[in-house]
Amino acid sequence: MKTLLASVTVVAAMLIAPVHAAKVEVKWDEVKSFSDFEAVNEVQSRFEERTKAKFEEYVTELGAKLPESNTLQVTFNDVDLAGRVDATFGATTSGFQRVLDDVSYPELVISYRYTDAQGAELSSADKVELKSLAPPRNMRNIQGSSHDSLYFEKELLMEWFNETFPSAKR
């Protein structure tokens, strides 16, 4: 059921994407070996499926800016989400929360392959490290991060995409 939900989410994102979009394939290395892909106050498997679907949806959105005859394959090799998980203690219960600070920055390690319609490789790289050494502190970024749990990770992906594919539609 969880896999079906994630698949439906990705398919829906593809249907919403513009007609002139590259084919996008997202793969994942072993999530259990990732640096920080930890659920906070929810079942780990649900968190993983939901978070993977959000990443896949965003990469598909970025791929929509590339020519439709091409294919972009992205593999997530490692994920270290922004913030750190801290315990919280209340009068009757305890729980956890993800705390953003200046030393718990996000980091993604991805590999990608970009090909044309004939399968000829246009560009590729293995184990590209995307990181931000300190989350921005301006109001726009702080407000954005409160509405999107992957705000800072998506910023890393957007920067990588814009640097890697400068001629992509904006």
Side-chain angles (χ1 to χ4, degrees), residues 2-38 47-83 100 102-138 140-141 144-145 147-170:
K2 294 175 213 159
T3 305
L4 176 64
L5 179 60
S7 298
V8 169
T9 303
V10 171
V11 169
M14 288 179 187
L15 292 174
I16 294 170
V19 175
H20 304 290
K23 178 181 177 190
V24 176
E25 299 171 5
V26 178
K27 299 177 182 178
W28 296 86
D29 282 353
E30 183 58 44
V31 173
K32 292 186 184 349
S33 69
F34 285 0
S35 298
D36 177 11
F37 207 70
E38 187 176 348
F47 169 79
E48 287 176 10
E49 290 301 320
R50 180 177 53 78
T51 305
K52 285 167 52 176
K54 283 183 178 183
F55 273 119
E56 290 168 8
E57 181 180 338
Y58 190 67
V59 171
T60 300
E61 182 181 317
L62 292 172
K65 299 173 184 179
L66 297 169
E68 70 177 306
S69 60
N70 296 349
T71 300
L72 175 63
Q73 299 170 319
V74 175
T75 301
F76 284 86
N77 306 114
D78 190 19
V79 174
D80 188 346
L81 297 172
L100 295 175
D102 289 336
V103 295
S104 302
Y105 53 86
E107 181 175 3
L108 304 174
V109 179
I110 63 169
S111 298
Y112 78 94
R113 185 168 184 259
Y114 182 53
T115 58
D116 66 13
Q118 290 73 40
E121 189 172 282
L122 301 173
S123 67
S124 68
D126 287 328
K127 310 265 187 203
V128 179
E129 292 184 24
L130 313 175
K131 60 181 153 184
S132 172
L133 296 179
R137 293 288 182 213
N138 67 47
R140 183 171 182 227
N141 288 337
S145 68
H147 299 295
D148 186 350
S149 62
L150 297 177
Y151 179 83
F152 295 112
E153 292 79 3
K154 287 179 180 179
E155 287 285 310
L156 293 177
L157 287 168
M158 182 175 57
E159 288 174 21
W160 162 77
F161 184 86
N162 290 338
E163 289 173 11
T164 305
F165 305 104
S167 62
K169 293 179 273 182
R170 300 281 178 229

Any idea which heavy atoms bring [X] and [Y] closest together, and the distance?
X	Y	answer
Glu153	Leu108	O-CD1, 3.7 Å
Lys154	Tyr58	O-CE2, 3.5 Å
Ala168	Phe161	CB-CE2, 3.8 Å
Ala64	Ala21	CA-CB, 3.4 Å

Qualifying residues under side chain to side chain donor-acceptor pair (under 3.5 Å), relative to Thr164, sequence neighbours excluded:
Trp160

Which residues share a ring-ring contact (aromatic ring centres under 6.0 Å, His included) with Tyr114, sequence neighbours left out:
Phe165

Sorted by chain and number, sequence neighbours left out, ring-ring contact (aromatic ring centres under 6.0 Å, His included) with Phe34 holds for Phe37

According to the salt bridge (charged side-chain N to carboxylate O under 4.0 Å, His left out) rule, which pairs have a member within residues 71-81, sequence neighbours left out?
none

Which residue pairs pass the salt bridge (charged side-chain N to carboxylate O under 4.0 Å, His left out) test with at least one member in residues 158-167, sequence neighbours excluded?
none

Can any side-chain N or O of Ser111 pair as donor or acceptor with the backbone N or O of Lys127 at less than 3.5 Å?
yes

Side chain to side chain contact (heavy atoms under 4.5 Å, CB included) against [X], all qualifying residues, sequence neighbours excluded:
X	answer
Asn162	Met158, Arg170
Ala125	Tyr112, Val128
Glu129	Glu107, Val109, Lys131
Gln118	Asp116

Taking side chain to side chain contact (heavy atoms under 4.5 Å, CB included) as the criterion, tell me which of Val79, Leu156, Thr51 meets it with Leu150.
Thr51

Identified side chain to side chain contact (heavy atoms under 4.5 Å, CB included) counterpart of Val24 within the set Thr60, Leu62, Val74, Leu66:
Thr60

Once salt bridge (charged side-chain N to carboxylate O under 4.0 Å, His left out) is applied, do any residues pair with [X], and if so which ones, sequence neighbours excluded?
X	result
Glu25	Lys23
Glu121	Arg113
Asp126	none

Run the numbers on Phe55 and Val26 for side chain to side chain contact (heavy atoms under 4.5 Å, CB included), then give the verdict.
CA-CA 9 Å; Phe55 273 119; Val26 178; 6.0 Å; no

Mind checking the CD1-OG1 spacing from Ile110 to Thr75? Nearest 0.5 Å is all I need.
9.0 Å

Point-to-point distance, once rounded to the nearest 0.5 Å, from CG of Asn77 to OG of Ser35:
11.0 Å

